Structures are given as structure tokens and as C-alpha cells.
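First up is the structure itself, then whatever we jot down about it.
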Amino acid sequence: MGVKLSFSKYAKDELVCAYSAIDTYLEMTRPLRTDNKFFISYLKPHKAVTKETISRWIKLVLGASGLNTDIFQALTRTASASAAFDTI
């Protein structure tokens with residue numbers, strides 16, 4: 001089950017515009033795509049990445065930013081458990 005998001009252009013400053021960033025990303029990665037997955041690997045063969053890979057990428061960026069990644073890992077687990085409970 002996918003999630004549908006809607007973005008509008010932020011005309012005041014394209015550098016902080018989510019729409020422009022996503023549009024540029026999709027355009028630049030179009031030749032590398034073999035399916036309709038949004039996130040693809042930056043290493044060949046550029047296949048769709050798993051949620052575990054995305055989680056690892058986020059944790060690496062947070063750690064490089066000086067944040068305690070153990071705290072964010074616990075919050076992610078809590079949010080996941082909460083979302084799972086809501087579906088029961």
C-alpha cells in the first residue's frame with residue numbers, strides 16, 4: 001500500500017521548494033529506473049532500496065549531524081508499534 005503525497009511549488013525560493021527538489025530528483029534518476037519506486041540505490045544496478053536501507057541512510061545523516069541516533073531509533077520503534085496497534 002502506497003502513500004499519496006501532494007506538493008505545490010514554492011515560488012518564493014526554489015532552493016527550499018520540496019516540489020522542485022522532488023521533480024529534479026525524478027528527472028535525474030529517470031534513466032536509471034527499472035520500476036516506479038521512488039528511492040533507488042546510488043550504486044549500480046540502481047534498483048529500489050529497502051526500508052532498512054532508507055532507515056540506515058537516515059541514521060547515518062542524523063549521526064553525522066551530531067544527533068544521538070539511539071534516541072531516534074527508539075522513537076522510530078515506538079511510532080511503528082503505535083501504527084501497528086492502530087491497524088488491529
Side-chain angles (χ1 to χ4, degrees):
M1 178 173 109
V3 175
K4 186 174 182 177
L5 299 174
S6 177
F7 293 93
S8 298
K9 285 188 176 184
Y10 182 66
K12 291 182 182 180
D13 188 353
E14 191 172 295
L15 292 175
V16 296
C17 175
Y19 181 94
S20 295
I22 292 168
D23 190 48
T24 300
Y25 170 76
L26 290 173
E27 187 63 34
M28 293 180 76
T29 58
R30 187 177 324 274
L32 306 174
R33 295 180 181 283
T34 57
D35 57 28
N36 287 329
K37 301 294 183 183
F38 184 76
F39 292 108
I40 60 171
S41 173
Y42 56 90
L43 300 174
K44 288 183 180 180
H46 308 295
K47 292 186 177 181
V49 296
T50 64
K51 61 183 176 182
E52 290 80 15
T53 298
I54 295 169
S55 175
R56 185 170 30 85
W57 288 348
I58 292 170
K59 190 172 180 179
L60 285 170
V61 170
L62 291 173
S65 300
L67 298 172
N68 181 348
T69 57
D70 293 332
I71 292 171
F72 285 95
Q73 187 171 358
L75 290 173
T76 303
R77 281 193 199 123
T78 301
S80 299
S82 176
F85 182 76
D86 289 342
T87 61
I88 297 176

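Count residues from 1 along the sequence. All values derive from a computational prediction rather than experimental measurement.
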Treat each ILVMFWY residue as a node, draw an edge where side-chain heavy atoms are under 4.5 Å apart, and state whether [X] and [Y] are in one component.
{"X": "V61", "Y": "L43", "value": "no"}
{"X": "M28", "Y": "Y42", "value": "no"}
{"X": "I58", "Y": "F39", "value": "yes"}

message = For the CG atom on D35, are there more than 12 heavy atoms of other groups (residues, nucleotides or ligands in this structure) within a distance under 6.0 Å?
response = yes
All side chain to side chain donor-acceptor pair (under 3.5 Å) counterparts of T50, not counting sequence neighbours = E52, T53
inquiry  = For L60, give me all partners under side chain to side chain contact (heavy atoms under 4.5 Å, CB included), at least two apart in sequence or on another chain.
reply    = R56
inquiry  = Going by the rule side chain to side chain contact (heavy atoms under 4.5 Å, CB included), which residues pair with F7 if we only count those two or more places apart in sequence or in a different chain?
reply    = L5, A18, Y19, I22
Nearest non-hydrogen partners of C17 and K9, listed with the distance = SG-CA, 3.8 Å
query = Would a 4.5 Å heavy-atom cut-off, applied to side chains only, mark Y25 and I40 as touching?
reply = yes
query = Just by distance, do the side chain of R33 and the backbone of A48 share a donor-acceptor pair under 3.5 Å?
reply = no
query = So, S55 side chain and K51 main chain: donor-acceptor pair closer than 3.5 Å or not?
reply = no
